Amino acid sequence: MSGAQQYKTLKGMQDILPPDTFLWQSVEQTARSIFSVFGFQEIRLPVLESTGVFSRSIGEQTDIVEKEMYTFTDKGGRSVSLRPEGTASVVRSYVENNLHNLPSPQKFYYSGPMFRYERPQSGRFRQFYQIGVEAFADPHPRMDAEVILMLERFLSGIGLQGISFQINSIGCEQCRPGYRDALLSFFSGKADQLCPDCLRRYDRNPLRILDCKSAKCIAARSGAPRITDHLCDDCRQHFGKLQELLNMLHVAFTVNPEMVRGLDYYTRTTFEVTSQGLGSQNAVAAGGRYNRLVREFGGPDTPAIGFAVGMERVIGLLKQSAAQEWPAPAVFIAARGEPAGTEALSLAGRLRDRGLWVEVGDAENSLKSQLRRADRISARHVFIIGDEELKSGQLRWKNLHDASQGVIMMTEIEEFISGIC
Ligand code: ATP
Ligand code: MG
């Protein structure tokens with residue numbers, strides 16, 4: 001390519017190509033069917049929002065807002081950002097469209113690309129896809145249990161193995177301040193042991209240190225007070241009831257009092273799903289309750305809970321456990337010259353109308369090269385049309401999978417093929 005510019009995807013962004021796209025589609029299909037039997041309905045929201053939608057909700061002093069957002073000024077001089085996650089946009093939409101007027105609880109799911117300017121590595125991209133759900137207006141732990149059960153059903157439905165659920169409660173506006181004080185006094189003598197980010201912002205939200213991945217902070221937080229020892233009665237009861245319900249529903253989980261999540265909007269229940277197969281980027285899905293966010297966006301006081309699944313990590317795990325297969329056409333029609341080529345096109349149309357995947361050979365090529373192509377794409381049945389076949393009205397057929405073959409009247413093909421496909 002003499003001197004021509006070779007374009008490449010941006011760092012941290014990737015093309016998703018067949019056969020992987022078949023796997024993506026099947027995961028998305030399973031999500032749709034499982035979420036809809038739980039009564040969740042799809043919403044599709046813009047990928048670009050006012051920057052405030054994210055900074056207000058996720059928190060000014062979080063990694064996502066401080067470092068990872070694709071923020072720019074648009075031609076009208078507004079600060080806009082590519083969405084780094086879904087919940088903030090869903091809440092913006094819930095309030096903007098008065099979705100609280102729909103029958104309660106209102107349950108939604110979304111799927112689409114998210115953008116974070118992170119250091120790309122295995123399982124970590126700058127454009128990545130999430131499938132997520134949000135359930136509004138039900139404060140009871142039964143909704144927490146139902147949402148977690150639905151996530152479990154989805155992950156097992158797509159065949160993920162070796163996953164575990166961790167749950168925690170990070171309290172509410174009643175009990176979190178007391179816990180925050182306990183953390184502040186625990187870390188007050190350890191400031192020099194914190195990473196620069198946590199040192200800078202720990203007095204605003206010391207829970208951040210518990211979520212920090214730097215080795216320094218992991219060491220410094222050993223022996224830190226546990227949120228589960230500081231919950232108010234209501235939060236403790238909520239968390240206890242959730243555990244009771246998950247046990248009743250046979251969802252296996254462990255309580256991890258250190259799992260606090262890196263976003264500011266959570267209250268009470270938080271949860272994360274990890275997989276042994278993923279190395280250090282081991283979280284496949286995460287979520288929690290956010291009972292104050294709708295009010296903060298100017299809506300009515302509305303409790304809510306949701307989760308988001310990281311698609312690339314799920315797909316990566318599925319690819320580890322099974323070889324990727326290309327789906328194969330049901331029928332390949334090989335035709336030699338004209339008018340056989342035209343007849344092949346017409347037959348293909350009739351079979352496609354019956355929902356069959358049909359490929360047609362290039363009638364200008366030799367029969368041999370057309371059959372080679374049928375073999376390469378693993379077509380199941382091959383029909384051969386040449387001048388003789390057109391005259392006699394009989395076609396030769398071959399089943400490339402079991403090597404059986406025979407002849408069939410052209411007029412009987414549709415019946416024949418629907419009997420065997
Ligand atoms: P992590 O701890 O891996 O950084 P997170 O806490 O930032 O995850 P969330 O914001 O809760 O993640 O997003 C939910 C899920 O989205 C994660 O569990 C993960 O599977 C996926 N995810 C998050 N960031 C990325 C990314 N940069 N690339 C690919 N997947 C991601
Ligand atoms: Mg992250």
Side-chain angles (χ1 to χ4, degrees), residues 9-14 16 20 24 27 31 54-55 57-59 61-70 81-91 109-134 147-148 151-152 154-155 158 160 163-168 170 195 197-198 205 207-214 217-218 256 258-266 269-290 293 305-319:
T9 52
L10 296 172
K11 200 173 159 192
M13 309 216 168
Q14 60 172 354
I16 302 163
D20 284 7
W24 281 71
V27 169
F54 307 112
S55 53
S57 55
I58 297 167
Q61 293 205 324
T62 55
D63 277 353
I64 293 181
V65 172
E66 271 190 350
K67 304 184 209 164
E68 298 172 0
M69 280 213 296
Y70 280 87
S81 297
L82 286 171
R83 62 180 182 193
E85 57 110 52
T87 304
S89 310
V90 177
V91 173
Y109 72 88
Y110 59 85
S111 123
M114 306 294 161
F115 303 85
R116 295 185 196 175
Y117 199 81
E118 302 198 68
R119 196 167 66 78
Q121 47 195 295
S122 150
R124 197 174 286 291
F125 300 90
R126 289 182 173 170
Q127 174 171 338
F128 61 98
Y129 289 75
Q130 286 184 338
I131 293 190
V133 313
E134 316 290 350
V147 162
I148 292 173
L151 177 56
E152 192 272 333
F154 165 59
L155 296 174
I158 57 175
L160 271 199
I163 52 167
S164 42
F165 277 77
Q166 295 178 37
I167 65 169
N168 192 21
I170 61 166
C195 79
D197 280 341
C198 287
N205 187 356
L207 267 75
R208 280 284 83 75
I209 304 170
L210 303 184
D211 192 53
C212 179
K213 288 168 185 111
S214 85
C217 293
I218 292 173
N256 177 359
E258 280 163 17
M259 196 257 306
V260 295
R261 313 279 308 117
L263 300 92
D264 275 359
Y265 52 61
Y266 286 121
T269 310
T270 55
F271 54 95
E272 209 164 86
V273 184
T274 52
S275 159
Q276 292 138 8
L278 278 179
S280 54
Q281 265 65 57
N282 64 355
V284 250
R289 218 171 229 295
Y290 50 96
L293 199 53
I305 180 167
F307 65 71
V309 179
M311 279 292 283
E312 286 77 2
R313 296 187 193 176
V314 160
I315 298 285
L317 283 168
L318 292 176
K319 283 171 72 175

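Just so you know, ligand 1 is whichever comes first in the structure, and atom 1 is the first atom listed for that ligand. Every value quoted in this text rests on a predicted model; they were computed, and no experiment measured them. Basis for what follows: all heavy atoms, side chains included, without hydrogens, waters or symmetry-related copies.
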message = Quick check against the 3.5 Å criterion: does R126 have a side-chain atom that pairs as donor or acceptor with the backbone of E68?
response = no

inquiry  = I need the contact type for E272 against ligand 1. Using non-hydrogen atoms and a strict under-4.0 Å cut-off, is it side chain, backbone, both or neither?
reply    = neither

request  = Under 4.0 Å from a heavy atom of G123: give me the atoms of ligand 1 that qualify, with their elements.
outcome  = 28 (N), 29 (C), 30 (N)

message = Please list, in number order, the atoms of ligand 1 under 4.0 Å from a heavy atom of F125.
response = 26 (C), 27 (N), 28 (N), 29 (C)

message = Any nitrogen or oxygen of V309, side chain or backbone, less than 3.5 Å from one on ligand 1?
response = no

ask   = What do we get for R124 next to ligand 1 when only non-hydrogen atoms under 4.0 Å count, side chain, backbone, both or neither?
value = both

request  = Give the single entry among Y117, F128, Y129 that approaches atom 31 (C) of ligand 1 most closely by any heavy atom.
outcome  = F128

note = Closest heavy-atom approach to atom 17 (C) of ligand 1 among G288, A283, S122 is made by A283

key: Sub-4.0 Å heavy-atom approach of E85 to ligand 1   = no

inquiry  = Minimum distance, heavy atoms only, to atom 27 (N) of ligand 1: which one of E118, E312, K213 is it?
reply    = E118

query = Hey, which atoms in ligand 1 end up nearer than 4.0 Å to a heavy atom of A286?
reply = 11 (O)

ask   = Counting from 1, what ligand 1 atoms have a heavy atom of V284 closer than 4.0 Å?
value = 18 (O), 20 (O)

task = Have a look at L160 and tell me which of V273, V27, L318 forms a side chain to side chain contact (heavy atoms under 4.5 Å, CB included) with it.
result = L318

inquiry  = Taking only non-hydrogen atoms of R261, do any sit less than 4.0 angstrom from ligand 1?
reply    = yes

ask   = Are any of the side-chain nitrogens in R116 or D63 under 4.0 Å away from the carboxylate oxygens of its partner?
value = no

note = Per-atom filter on ligand 1: closer than 4.0 angstrom to a heavy atom of A285 are 18 (O)

